[in-house]
Amino acid sequence: MFYTLSDFDFNAKRVLVRVDFNVPQDSSGNITDDSRIRKALPTINLVLDKNPQQVIVCSHLGRPEGKINSKYSMKPIAQRFKELLGQEVYFESNPEIRKLQSLNNSKIIVLENLRFDPGEEAGDREFAEKLASFADLFVFDAFGVAHRAHASVTGVPKFLKSCAGQIMENEVKNLDLTNPEQPFIAIIGGAKADKIDVMRTLLAKVDKLILGGVLANTFLKARGTPIGASRYDEETLKFAKEIIEQAKNKIVFPLDALLGNNFSADADSKMVDIQNVENGWLILDIGPRTVELYKSLLQQAKTIFWAGPIGVFEFDRFANGTKEVALTLAECKARTIIGGGDSGAAIEKYNLGCRMTWISTGGGASLEYISGKQLPGIVALQDNYKTFKG
Ligand code: AMP
């Protein structure tokens, strides 16, 4: 239980809002996808509708590692935010309480990158207290960092009455897979080894767990199927062997694969049965028989959770498996939950976002949440509720 926006009266108050404006930028600093800024607008508009004295918006951007670095400045982000919000926005590079309070005509202020201060990532109490001193109330709406014990995540709620924004509320509601309607199918792909815990948790609940990406390669290797020069994850190999023993009937392996002779967009390719992956070749996507198998299973599901692409979807030649899975989810009637990160990016690439039940705004955070871990950002809001409720 935590406070939400409707519990607070923001009238004439100074409100600190922690958002996730960590948008991707190209090498010249142009924003290549502003959806994170767009997603934060409903919460900010809800606060603004209640006539606050000042709304102070703060976020991190990239990994400046505690040092001021103009490459990671929030200034261009504040500019895009201003355009999208349609209201004047003041950018403050060096916030001090007196300075902010003197900005009486500036209703909306964006602070410089929180991670320019080493105190942010260190979860420093003094830095949190300084941020809290700018406001009367705190709104936390950065689900993407809710799994980090950073100053603006867990520190500020120690000093200010705090509530969850709309994104937080929706994430918690939509990622709840405690009692999923059956059949429940999970699709786990991608390359990072951060999916072991979520697989362990999900295996107890799913009817089938469909494999994709580097994870599928790792499971094939663990099963003893040759994978040529395909990428696999050493750390996950032992776990994969264990899972194959324990939950063989639930794991769905690829039947065929599209191979590349190197890791590039224009690699030579060939389609083979999964037993016939040759030395020197790399599995970069699933083949048509696997697409049909995965589709037929997914079409029967009532709940589907998907994290991690099925193949190297960034290369068009190897994007078919990921695209077909995305299309199947868009067309099916199941509740479809996407664990953010690259599977979310793939769905957006095919303009299918609006046809999913929920695409999480946090890759790592959504995996930790579904694994059943307590996210520090949520715990901080719950503790704050207990403290202020009295
Ligand atoms: P993750 O962040 O763990 O979800 O991993 C996403 C990345 O996995 C994407 O950049 C994909 O290109 C990559 N990926 C998916 N399948 C493969 C594969 N078979 N070989 C190498 N990389 C892959």
Side-chain angles (χ1 to χ4, degrees), residues 22 24 32-33 63 144 147 186-199 202 209-223 225-237 239-240 252-272 274 276-278 280-288 290-291 294 305-326 329 337-350 356 359-371:
N22 184 28
T32 52
D33 176 4
R63 297 176 186 271
H147 58 320
I187 313 157
I188 311 286
K192 284 200 237 55
D194 59 353
K195 309 206 176 65
I196 296 182
D197 289 335
V198 82
M199 280 184 80
L202 288 175
L209 195 148
I210 289 177
L211 295 173
V214 173
L215 196 80
N217 300 348
T218 309
F219 270 72
L220 287 165
K221 189 174 170 69
R223 186 180 75 172
T225 306
I227 58 166
S230 306
R231 185 169 158 196
Y232 72 98
D233 181 58
E234 193 63 51
E235 207 187 310
T236 316
L237 201 55
F239 162 77
V252 188
F253 283 90
L255 301 174
D256 53 0
L258 183 61
L259 310 181
N261 65 344
N262 61 56
F263 190 85
S264 69
D266 53 6
D268 286 345
S269 63
K270 68 169 148 185
M271 197 71 77
V272 295
I274 207 68
N276 300 333
V277 179
E278 290 165 37
W281 287 75
L282 291 81
I283 303 173
L284 298 179
D285 196 9
I286 54 174
T290 312
V291 168
Y294 287 7
F305 173 71
W306 182 17
I310 304 300
V312 186
F313 76 102
E314 297 92 336
F315 302 157
D316 285 346
R317 186 169 291 178
F318 303 102
N320 188 55
T322 304
K323 187 176 181 182
E324 286 292 335
V325 165
L329 264 57
I337 316 294
I338 317 300
D342 270 336
S343 23
I347 286 168
E348 300 295 357
K349 180 174 165 182
Y350 306 122
M356 304 295 152
I359 302 181
S360 177
T361 55
S366 71
L367 294 181
E368 290 201 17
Y369 189 74
I370 289 175
S371 308

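For ligands, and for the atoms within them, numbers begin at 1 and follow the listed sequence. Both backbone and side-chain heavy atoms feed into the values below; hydrogens, waters and symmetry mates do not. Residue numbers run from 1 in the order of the sequence given.
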Test item: Thr218 and Phe239 side chains (from C-beta on) under 4.5 Å apart, heavy atoms: no
Can you tell which of Asp33, Asp316, Asp342 makes a salt bridge (charged side-chain N to carboxylate O under 4.0 Å, His left out) with Lys349? Asp316
Go through the steps for Ile338 and Leu329 under the test side chain to side chain contact (heavy atoms under 4.5 Å, CB included), then give the verdict. CA-CA 10 Å; Ile338 317 300; Leu329 264 57; 3.8 Å; yes
Contact check, side chains of Leu202 and Ile188, non-hydrogen atoms, under 4.5 Å: yes
Passes side chain to side chain contact (heavy atoms under 4.5 Å, CB included), Glu324 versus Ile310? Steps please. CA-CA 10 Å; Glu324 286 292 335; Ile310 304 300; over 6 Å; no
Under 6.0 Å from the six-membered ring centre of Phe253 and within 45° of its axis: does the NZ or CZ of Arg223 meet both? yes
Report all protein residues having a heavy-atom distance below 4.0 Å to some atom of ligand 1; order the list by chain, then number. Gly190, Ala191, Lys192, Lys195, Gly213, Val214, Asn217, Phe263, Ile283, Leu284, Gly308, Pro309, Gly311, Val312, Glu314, Asp342
